[in-house]
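Encoded as structure tokens, the structure appears first; notes follow it.
Numbering of ligands and ligand atoms starts at 1, following listing order. Computed from a predicted structure; not experimentally measured. If you read the sequence from its start, that first residue is 1, and numbering goes on from there.
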Amino acid sequence: MTMSRLKSFPGGLHPNDSKLATAGLPIEDCPLPPELIVPFSQHIGAPAESCVHVGQTVLKGEVIGTAKGFVSVPVHAPTSGEVIAVEPRPHQSGRLLPAVVIRPNGRETWAPGLCCAVPQELTPVELRERIWQAGLVGLGGATFPVHVKLSPPDDMPIDTLIINGVECEPFLTADHRLMLEAPQRILAGIRILRRILRVQRVYVGIEANKPDAIALLTPLFAKHGIEVVPLAVKYPQGAEKQLILACTGREVPTGGLPMVTGCVVQNVATTAAIADAILDGRPLIERICTVAGPGIATPKNLRIRVGTPLQHLVEVCGGLTCEPERILMGGPMMGAAQLSLAAPATRGTSGLLIFGPGQLPVRPEGPCIRCARCVGACPSRLLPTTISAYSRLDRYDDAEKYGAMDCIECGCCSYACPAGIPLVQGLRQAKGAILEKRRRG
Ligand code: SF4
Ligand code: SF4
């Protein structure tokens, strides 16, 4: 497989992928912690609302938080046990946010009424309804409710489904292991998605640094008319717009939704979870998470329950090798920095990475030397240095004119900058201010 022949996108970077420590490790079941902390805010959109009370016994898969609106999903009990608190708890956002705290009773008693189905016997509308009831969100980290993505407006006909098996963030290997260990589940999910979207053309994009997954899935999926597309190893190859461009040559226009290209993208783990929800009636209460980084004694790929405290994940992986200086939920490029290990893993937690002193490169910030490396690295073809400068001056209208809203917050500009300027923070701030202004009308 020659790298130059592989499909890709303009811009981007080649950070060391650092996946060797866990890429060959089979997924292990993480033991249940003494307490599960299940936040209501685990997805993009309106947080769910509590429907349980302290002292109540809940069953595995039971709804403990109801969805509030179309862009929202219900939240379910990850195991059976007693509700010991419904109160604000540490959240990955750094704030205290409402959560249900469950003390597991160890019986793993499933809630009644979770029913299996034969996809061919359900209409697309019924399948979408079940996906919503199961609380499915994008498991690649974006946590966008799946049923919304599967409801394209009439003026946006969909002809292509793209399954995202790229996993371009360094260190993370959860999707890689899932592709090796559960290909039939992914295939079953694709068949359901095909039925809902009424599409035949399906691509599965996988970076070429996973040759075992490409070799396994290519012949298996080819029998079902599904094309595995090996992609260049480049960050952010797994970003939605970049993946669509690489697989189909179609470009999402400025300010447009990915759907306008006729494509719907779903992550491989999300696709397997769709099969779990429809075929087995299982709501989204667990996921695969890579726990790694030089600060972790024994890195692992773990199947974790939603709500497992980060501290518990560290203990299951043999503890820390050093005082943690940087704790990241997700990958090193787009992950969320954590203040401590008190927050729980949620539906979007693809990884937990720990770095000690001196284990992550830190460049002291200096003046811009006009080298344009940030421009060359930007996959959205923006001028990060210009937009970031406007953001620092609170000139958000100018930042918007220069396309700030097309920024996908990939962090390539900051990573490439030899002057150590935190460009992505400026972009994020500008986007926040522009959105706030739009909300106020
Ligand atoms: S964070 Fe935004 S501006 Fe920076 S490289 Fe990524 S898309 Fe471009
Ligand atoms: S990469 Fe950094 S130093 Fe170079 S132009 Fe961009 S902001 Fe300036």
Inset, instruction - Write down the atom of Ser72, the atom of Ala67, and the distance for their closest heavy-atom approach. - result: OG-CA, 3.5 Å

Inset, instruction - Considering the heavy atoms of Ala372, write down every atom of ligand 2 situated less than 4.0 Å from one of them. - result: 4 (Fe), 5 (S)

Inset, instruction - Looking only at protein heavy atoms, identify the closest one to atom 3 (S) of ligand 2 and say how far it is in Å. - result: Ile369 N, 3.3 Å

Inset, instruction - Mind checking the CG-SG spacing from Leu427 to Cys413? Nearest 0.5 Å is all I need. - result: 5.5 Å

Inset, instruction - Work out which heavy atom in Pro78 is nearest to a heavy atom in Ile285; give both atom names and the distance. - result: O-CD1, 3.6 Å

Legend entry - Ile304 versus Cys30, closest heavy-atom pair with distance: CG2-CB, 3.9 Å

Inset, instruction - Look at atom 8 (Fe) of ligand 2 and say which protein heavy atom is nearest, naming residue and atom and giving the distance to 0.1 Å. - result: Cys368 SG, 2.3 Å

Legend entry - Heavy atom of the protein closest to atom 5 (S) of ligand 1 (residue, atom name, distance): Cys413 N, 3.4 Å

Inset, instruction - Answer with side chain, backbone, both or neither: which part of Pro384 has a heavy atom less than 4.0 angstrom from an atom of ligand 2? - result: neither

Legend entry - Within reach of ligand 1, part of Ile408 (heavy-atom separation under 4.0 Å): both

Inset, instruction - Locate the shortest heavy-atom distance separating Arg128 from Leu150; write the atom from each residue and the value. - result: NH1-O, 2.9 Å

Legend entry - Protein contact to atom 4 (Fe) of ligand 2 [nearest heavy atom, distance to 0.1 Å]: Cys371 SG, 2.3 Å

Inset, instruction - Would you mind reporting whether His176 and Lys19 have side-chain heavy atoms less than 4.5 Å apart? - result: no

Inset, instruction - Check Pro332, Ser18, Pro236 against Glu169 for a side chain to side chain contact (heavy atoms under 4.5 Å, CB included) and give me the one that passes. - result: Pro332

Inset, instruction - Please determine if atom 6 (Fe) of ligand 1 has an N/O/S atom from Cys410 lying under 2.8 Å away. - result: yes

Inset, instruction - Output yes if Cys378 passes the N/O/S-under-2.8 Å test against atom 8 (Fe) of ligand 1; output no otherwise. - result: yes

Inset, instruction - Could you name the option among Val375, Thr386, Thr385 that has the heavy atom nearest to atom 7 (S) of ligand 2? - result: Thr385

Inset, instruction - Note the single closest protein heavy atom to atom 1 (S) of ligand 2, along with its residue, its atom name and the distance in Å. - result: Cys374 N, 3.4 Å

Inset, instruction - Consider ligand 1: state whether an atom of it lies below 4.0 angstrom from any non-hydrogen atom of Gly411. - result: yes

Inset, instruction - Report the distance from atom CD of Gln266 to atom CD of Glu240, rounding to the nearest 0.5 Å. - result: 8.0 Å

Legend entry - Minimum non-hydrogen distance to atom 2 (Fe) of ligand 2, winning option of Ser414, Gly376, Ala416, Cys417: Cys417

Legend entry - 4.5 Å side-chain heavy-atom contact, Leu6 and Glu207: no

Legend entry - Distance filter under 4.0 Å to Cys407 heavy atoms, resulting ligand 1 atoms: 1 (S), 2 (Fe), 3 (S), 7 (S)

Inset, instruction - Could you tell me if any non-hydrogen atom of Val424 lies under 4.0 Å from any atom of ligand 1? - result: yes

Legend entry - pair Ile288-Glu181: side-chain heavy atoms closer than 4.5 Å: no

Legend entry - Under 4.0 Å to a heavy atom of Glu409 - the qualifying atoms of ligand 1, by number: 1 (S), 2 (Fe)

